[in-house]
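Worksheet for the structure shown next.
Chain naming here is simple, since letters A, B, ... match the order of the sequence lines and numbering starts at 1 in each.
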Amino acid sequence: MENRYNPKDIEKRWQDRWFATDMYHAKDFDSKEKYYLLAEFPYPSGDSMHMGHARNFTNMDSVARLRRMLGQNVLYPIGWDAFGLPTENYAIKMKRPPQEITKENIATFIKQLKAMGFSFDWDREIDTTDPEYYRWTQWIFLQLYKKGLAYKAEMPINWCPKCKVGCANEEVVGGRHERCDEPVEQRNMNQWVLRITKYADRLIDELDKTEYWESVKSAQRNWIGRKTWYDIDYKVEGTDITLRVSTTRPDTQFGSTFVVVAPDSEVAEKLLKYIPEERITDVKQYIEESSKKTEEERIVGQGEKTGVETGLVCKNSITGRDLPIYLADFVLSTVGTGMVVGVPAHDKRDFEFATKYGLPVIRVIEGLDGDRSEIDSVEKVYEDEGIVFNSDFIDGMKSEDAREKMGEYIKEKGIGDVVIRYNLRDWIFSRQHYWGEPIPIVHCDKCGEVPVPEDQLPVKLPEVESYEPTDTGESPLASISEWVNTKCPKCGGYAKRETDTMPNWAGSSWYYLRYIDPHNNKEFADMEKMKYWMPVDHYEGGSEHVTLHLLYSRFWHKVLFDLGLVPEVEPYKVRTIHGVVLGKDGSKMSKSLGNVITPDELLEEYGADVTRAYLMFMGPYEGDVSWSTEAINGVKRFVSKLYTYILALWVKKDDKLAENKDVAKLVKKVHDDILNFKFNTSISALMQFYNSNIDSTFSTADIERLILTIAPILPHMAEEIWEKTGHEFSVHMQRWPEIDESLLEDDVIEIPVQVNGKLRGKIEVSSDATQEDVEKIVLESQILGDVEVKKLIYVPKKIVSVVV
RNA sequence: GCAGGAAUGGCGGAAUAGGCAGACGCGCGGGACUUAAAAUCCCGUUCUAGCAAUAGAGUGAGAGUUCGAUUCUCUCUUCCUGCACCA
């Protein structure tokens with residue numbers, strides 16, 4: 001029974017030994033080639049590590065282990081993104097300090113990650129809630145502040161009237177507060193804002209310097225939403241007001257039939273005094289009503305257009321036609337100039353509005369095959385580009401050219417402008433919560449806003465009695481007078497601390513830099529060390545972070561770059577997205593569905609190596625995978641068989657044998673698959689090797705190759721076998737096996753023969769056979785029978801195709 | 001609506017510089033061991049017909065290019081993910 005696989009006996013022993021040495025420590029300035037492998041750091045929730053964490057870290061761990069064996073100096077770090085609402089909410093509920101809760105949660109996570117046997121460099125562990133960490137988060141904020149990239153402004157925030165708390169956008173789902181399901185309202189509050197829009201162009205253009213997946217790049221571009229707008233002045237008749245309407249499709253100008261102004265815009269206010277008496281009551285009532293609509297009602301009301309006629313008319317300065325002016329809240333004051341020109345033939349929303357108010361529809365863009373038919377239903381509205389007709393000086397042009405011409409025209413005539421605009425808004429950086437980094441600013445009556453001097457950082461979060469948000473919407477910090485009341489660093493007079501804290505995104509915007517130099521108390525990271533390690537070679541994470549987190553961290557990085565504080569413009573060279581581990585039925589694992597399976601249960605039942613192998617085997621790493629208990633049992637069977645198998649091979653090893661082809665092929669396949677993130681097929685390859693070599697005998701060198709090959713995948717088992725076969729600790733510090741490349745090619749290969757596209761037989765040929773050789777073999781074989789051969793194609797080493 | 005991606009046996013999936021479709025695993029069927037069960041091991045397993053050798057069909061649907069298409073092109077359908085009354 002000695003060779004029976006029993007992970008419980010092995011795994012803990014090797015983990016203790018690994019973590020007692022510094023074998024996974026990444027050495028600064030090592031002459032080996034560096035490789036920085038970053039997996040998103042987890043939020044240490046009270047529910048312990050979930051399956052998604054286990055899967056991602058497992059996959060990345062196999063890459064880290066393989067690359068070390070290939071002779072690279074691998075930085076594979078771990079840390080904790082520990083500020084955040086779940087912990088704060090839990091603290092409020094339990095009436096315990098979040099600091100304590102966070103410590104406990106982290107301790108649980110560490111235990112679990114170590115039990116999985118991940119090869120993190122534990123010397124570089126970081127925690128965003130550690131004052132020695134957030135000191136530098138605050139320091140970076142001050143650099144932004146000094147550069148004029150952080151400012152305070154009245155900004156609308158989401159306000160939950162039930163909880164009496166300001167909510168971040170990420171806490172609002174479908175217009176409702178995530179925590180209590182109450183609809184949120186808009187409230188104006190003085191907020192810290194970061195000027196990310198200043199970097200909008202570079203955040204798009206410098207994507208070219210990265211090798212992100214296309215889907216990641218396009219998510220970034222879409223979020224920023226850079227577009228060319230054409231603003232055109234229309235004079236309102238009988239007034240001195242000019243409406244500057246905005247459009248991205250000036251090629252449809254000659255199809256315009258009305259103008260809509262957002263009811264909450266300043267212009268709407270100005271128009272009021274000219275509105276004829278018989279309309280004024282209706283208009284005022286409409287403005288009133290739409291201002292009361294919550295975000296949720298607006299979304300629900302989508303499709304059902306409401307609006308009001310002002311009775312005013314303006315002149316389209318391109319076409320010279322008079323257009324009636326409406327107020328309608330489907331037009332947003334924050335988009336473009338908050339005024340749009342209605343072209344019902346070429347915009348669905350405009351069409352719906354026009355139908356409701358009986359406005360004319362004029363088509364000016366040809367459809368496919370010169371289609372100029374009337375637009376009489378929403379389905380027929382033609383929003384694509386095409387050839388412009390009935391349009392005076394842009395007649396017959398393609399949409400693209402018409403736009404350019406129109407841009408020149410309005411600039412020439414001085415009736416408008418061409419403007420680049422973005423969907424991206426400045427980043428609201430304030431949170432009125434306790435569990436975040438305090439914003440290091442004090443407010444002095446005399447000196448105004450004063451940044452906390454750098455030598456007084458960190459501004460530590462005070463210990464308080466209560467973490468509950470206050471009625472006023474202020475952070476709970478506001479009620480701690482001994483903390484709030486302070487001296488002005490400039491004049492020494494009375495001053496108050498800023499009580500807003502930073503959002504969860506702050507600490508994670510630069511953590512990859514801190515891993516490089518986690519214990520530095522002079523600066524956030526040493527420049528020479530950053531020059532050695534940066535950029536991150538591969539950043540792996542969830543799809544939920546490819547817009548905001550990625551954008552925010554790229555923004556901070558660029559600011560640091562401009563200040564000469566980091567060596568590269570872009571922080572991450574490659575960014576990939578992993579799939580999600582779903583429950584058995586393909587739905588999300590959730591407590592309410594009762595389909596949650598935790599890594600803890602698996603470790604208990606199967607041990608770390610089987611769990612790891614299964615997580616790799618489940619499916620392609622970028623896709624979602626459903627949990628299957630049956631399937632992990634299959635992997636368990638295989639892993640235990642493999643264990644006894646390799647030990648048995650060692651007993652009957654035969655050194656008279658030459659180097660084995662199958663072993664060479666396996667070494668190559670596992671190497672390629674792991675580096676290409678095809679973890680599932682690396683496991684298949686092991687299984688296949690086992691199946692076809694159950695009765696084989698190998699030389700010492702080949703068995704050693706085999707053990708080394710499983711090391712990145714089954715790290716504990718490989719270590720155990722390595723020891724049992726009389727080798728010295730540790731298998732993970734060995735070089736990846738060298739193989740004789742010539743063994744990868746077979747001398748004699750079996751080639752399929754196709755006749756008229758159908759498989760009809762197979763022949764054996766030597767790998768260097770010529771077309772003539774093959775032709776002869778095929779004709780001599782019985783495959784073709786008695787037919788006339790018209791053509792014979794031999795694709796070397798692939799196939800023979802015969803046409804008869 | 002826009003952007004990105006996907007569709008292959010009963011299930012998860014494999015194979016794309018165009019070259020034997022279904023590797024590998026699960027499940028299922030049969031057998032061995034067992035008083036019996038579990039575990040383990042062996043054989044089989046895309047579908048249809050046939051005892052079989054074998055023949056035909058087959059990678060969401062339809063067309064096209066090609067000696068040859070899961071892979072390339074066009075049209076369409078469905079699904080997932082992110083964003084969105086963004087004009």
Side-chain angles (χ1 to χ4, degrees), chain A residues 213-225 227 229-230 245-250 252 256 260 262 298-299 301-306 328-332 334-343 346-350 352-353 381 383 421-424 542-548 577 579-580 586 613-614 617-620 622-635 637-638 640-641 678 680-692 694 750-762 790-804:
Chain A
W213 281 358
E214 189 46 43
S215 64
V216 176
K217 286 189 183 181
S218 91
Q220 295 274 294
R221 281 191 215 104
N222 270 325
W223 186 265
I224 298 167
K227 287 195 191 104
W229 290 73
Y230 299 79
V245 302
S246 53
T247 178
T248 57
R249 289 293 301 276
T252 65
S256 62
V260 185
R298 249 178 25 87
I299 294 166
Q302 197 170 319
E304 179 60 32
K305 304 273 177 291
T306 64
D329 61 9
F330 78 90
V331 170
L332 306 177
T334 51
V335 176
T337 58
M339 291 165 259
V340 299
V341 50
V343 185
H346 303 294
D347 182 289
K348 289 200 167 118
R349 287 157 312 181
D350 291 351
E352 282 168 17
F353 192 79
V381 171
E383 294 187 325
R421 287 202 183 89
Y422 310 86
N423 288 344
L424 184 71
S543 61
E544 70 275 26
H545 293 136
V546 295
T547 45
L548 295 180
I577 305 174
V580 178
Y614 174 60
F617 185 60
M618 284 178 97
E622 71 277 9
D624 293 348
V625 287
S626 295
W627 174 259
S628 160
T629 304
E630 289 82 12
I632 193 177
N633 279 323
V635 173
R637 274 197 283 275
F638 169 69
S640 6
K641 280 190 291 192
K678 298 171 94 175
N680 52 336
T681 49
S682 70
I683 306 285
S684 306
L686 283 178
M687 292 171 167
Q688 220 170 327
F689 173 85
Y690 168 83
N691 289 342
S692 51
I694 293 176
E750 205 183 41
I751 297 284
V753 180
Q754 276 185 356
V755 180
N756 285 350
K758 284 222 184 309
L759 182 67
R760 281 294 179 256
K762 284 173 186 181
K790 280 196 188 143
K791 197 169 168 190
L792 190 145
I793 301 158
Y794 173 55
V795 183
K797 297 172 200 176
K798 294 271 176 155
I799 204 165
V800 180
S801 188
V802 188
V803 187
V804 299

Using a cut-off of strictly less than 4.0 Å, decide whether A:Asn691 has a side-chain nitrogen or oxygen near OP1 or OP2 of B:rG25. yes
With the criterion being N/O to N/O and under 3.5 Å, what pairs connect the protein with nucleotides 45-49 of chain B, and how long is each?
none

Between B:rC80 and B:rG12 - P atom distance, rounded Å: 15 Å
Spell out yes or no: do the side chain of A:Arg249 and the base of B:rA87 have one donor N/O and one acceptor N/O closer than 3.5 Å? no
Under 3.5 Å, N/O pairs linking protein and nucleotides 26-28 of chain B:
from: B:rC26; atom 1: OP1; to: A:Arg637; atom 2: NE; distance (Å): 3.4
from: B:rC26; atom 1: OP1; to: A:Arg637; atom 2: NH2; distance (Å): 2.9

Syn/anti state of B:rG25 by chi, 90° boundary around 0: anti
By side chain to side chain donor-acceptor pair (under 3.5 Å), A:Trp627 pairs with (sequence neighbours left out) A:Thr629
Contact class for A:Ser215 vs. all strands (heavy atom < 4.0 Å): base, sugar-phosphate, or nothing? sugar-phosphate
OP1 or OP2 of B:rU40 under 4.0 Å from side-chain N/O of A:Lys641: no
When you measure from the side chain of A:Tyr614 to the backbone of A:Ser628, do you find a donor-acceptor pair of N or O atoms at a distance under 3.5 Å? yes
CD of A:Gln688 versus P of B:rG25: gap in Å, rounded? 8 Å
Taking the six-membered ring of A:Phe353, is the NZ or CZ of A:Lys305 close enough (under 6.0 Å from the centre) and on axis enough (within 45°)? no
Compare every heavy atom of A:Tyr422 with every heavy atom of A:Ile224, then report the nearest pair and how far apart it is. O-CB, 3.4 Å
Can you figure out which of B:rA14, B:rC67, B:rC42 approaches the side chain of A:Ile694 most closely? B:rC42
So what does A:Val340 touch, heavy atoms closer than 4.0 Å: a base, only the sugar-phosphate, or nothing? base
Using the C1' atom on both, measure B:rA63 against B:rG29 and round to a whole Å. 41 Å
If you restrict it to nitrogen or oxygen atoms, what contacts under 3.5 Å exist between nucleotides 76-83 of chain B and the protein, and what is each distance?
none

Tell me the interatomic distance from A:Asn680, atom CG, to B:rC24, atom C1', rounded to whole angstroms. 10 Å
For RNA chain B, whose closest nucleotide is more 5', that of A:Lys758 or that of A:Val625? A:Val625
A:Trp229 to A:Val335 - nearest heavy-atom pair and separation: CH2-CG1, 3.7 Å
Using modelled atom types only, decide if a donor and an acceptor are shared between the side chain of A:Ser246 and the backbone of A:Thr337 within a distance under 3.5 Å. yes
Roughly how far apart, to the nearest Å, are B:rG5 and B:rC86 at atom C1'? 24 Å
Taking only side-chain N and O atoms of A:Lys678, does any of them lie within less than 4.0 angstrom of OP1 or OP2 on B:rA23? no
The complete set of salt bridge (charged side-chain N to carboxylate O under 4.0 Å, His left out) pairs with one or both residues in residues 682-692 of chain A, sequence neighbours excluded, reads none
Indicate, with a heavy-atom threshold strictly under 4.0 Å, whether A:Val331 touches base, sugar-phosphate, or nothing. base
Heavy atoms of A:Ile577 and A:Ser215 approach each other most closely as CD1-OG, 4.1 Å
Applying side chain to side chain donor-acceptor pair (under 3.5 Å), name anything that partners A:Ser684, two or more places apart in sequence or on another chain. none
Among B:rC24, B:rA14, B:rC85, which nucleotide sits nearest the side chain of A:Pro620? B:rA14
Rounded interatomic separation in angstrom, taking CD1 from A:Ile683 and C1' from B:rA14: 14 Å
When you measure from the side chain of A:Asp624 to the backbone of A:Val580, do you find a donor-acceptor pair of N or O atoms at a distance under 3.5 Å? yes
Between A:Lys348 and A:Val341, whichever has its closest RNA chain B nucleotide further toward 5' is A:Lys348
I'd like the C1' distance from B:rA37 over to B:rU59, given in whole Å. 41 Å
Whole angstroms only, please: what is the CD1-C1' distance between A:Ile577 and B:rG4? 9 Å
Each nucleotide N or O in nucleotides 17-22 of chain B that has a protein N or O under 3.5 Å away: list the pair and distance.
from: B:rG19; atom 1: N2; to: A:Gln754; atom 2: OE1; distance (Å): 3.4
from: B:rG19; atom 1: N2; to: A:Ser801; atom 2: OG; distance (Å): 3.4
from: B:rC20; atom 1: O2; to: A:Lys762; atom 2: NZ; distance (Å): 2.7
from: B:rC20; atom 1: N3; to: A:Lys762; atom 2: NZ; distance (Å): 3.4

Where is the tightest heavy-atom contact between A:Ala613 and A:Val635, given as atom of each residue plus distance? CB-CG1, 3.7 Å
Going by side chain to side chain donor-acceptor pair (under 3.5 Å), name the residues that satisfy it together with A:Asn222, two or more places apart in sequence or in a different chain. none
Output side-chain donor-acceptor pairs under 3.5 Å for residues 795-804 of chain A, partner residues at least two apart or in another chain, one line each.
none

Interatomic distance where CD belongs to A:Glu622 and C1' belongs to B:rG13 [whole Å]: 12 Å
Send over the distance from A:Tyr422 OH to B:rA87 C1', rounded to a whole Å. 19 Å
State, to 0.1 Å, how close A:Val381 and A:Lys348 come at their nearest heavy-atom pair, and which atoms those are. CG1-N, 3.6 Å
Answer yes or no: is there a donor N or O on one side and an acceptor on the other, between the side chain of A:Glu750 and the main chain of A:Lys762, under 3.5 Å? no
Nearest non-hydrogen partners of A:Pro752 and A:Leu759, listed with the distance: CB-CD1, 3.6 Å
Distance check needed: B:rC24 P versus A:Tyr614 OH, whole Å only. 19 Å
Salt bridge (charged side-chain N to carboxylate O under 4.0 Å, His left out) pairs touching residues 213-222 of chain A, sequence neighbours excluded, are A:Glu214-A:Arg221
With sequence neighbours excluded, what pairs up with A:Thr248 under the side chain to side chain donor-acceptor pair (under 3.5 Å) test? none
Whole angstrom is fine here: how far is it from NE2 in A:His346 over to P in B:rG1? 18 Å
Touch check for A:Phe638, heavy atoms < 4.0 angstrom, all strands: base, sugar-phosphate only, or nothing? nothing
When you compare B:rU71 with B:rA21, how far apart are their P atoms, in angstrom units rounded to a whole number? 14 Å
Stems of at least 3 consecutive Watson-Crick or G-U wobble pairs (donor-acceptor distances under 3.5 Å) involving RNA chain B, listed by first number, are B:1-7 with B:77-83, B:10-12 with B:24-26, B:27-32 with B:40-45, B:46-49 with B:54-57, B:60-64 with B:72-76
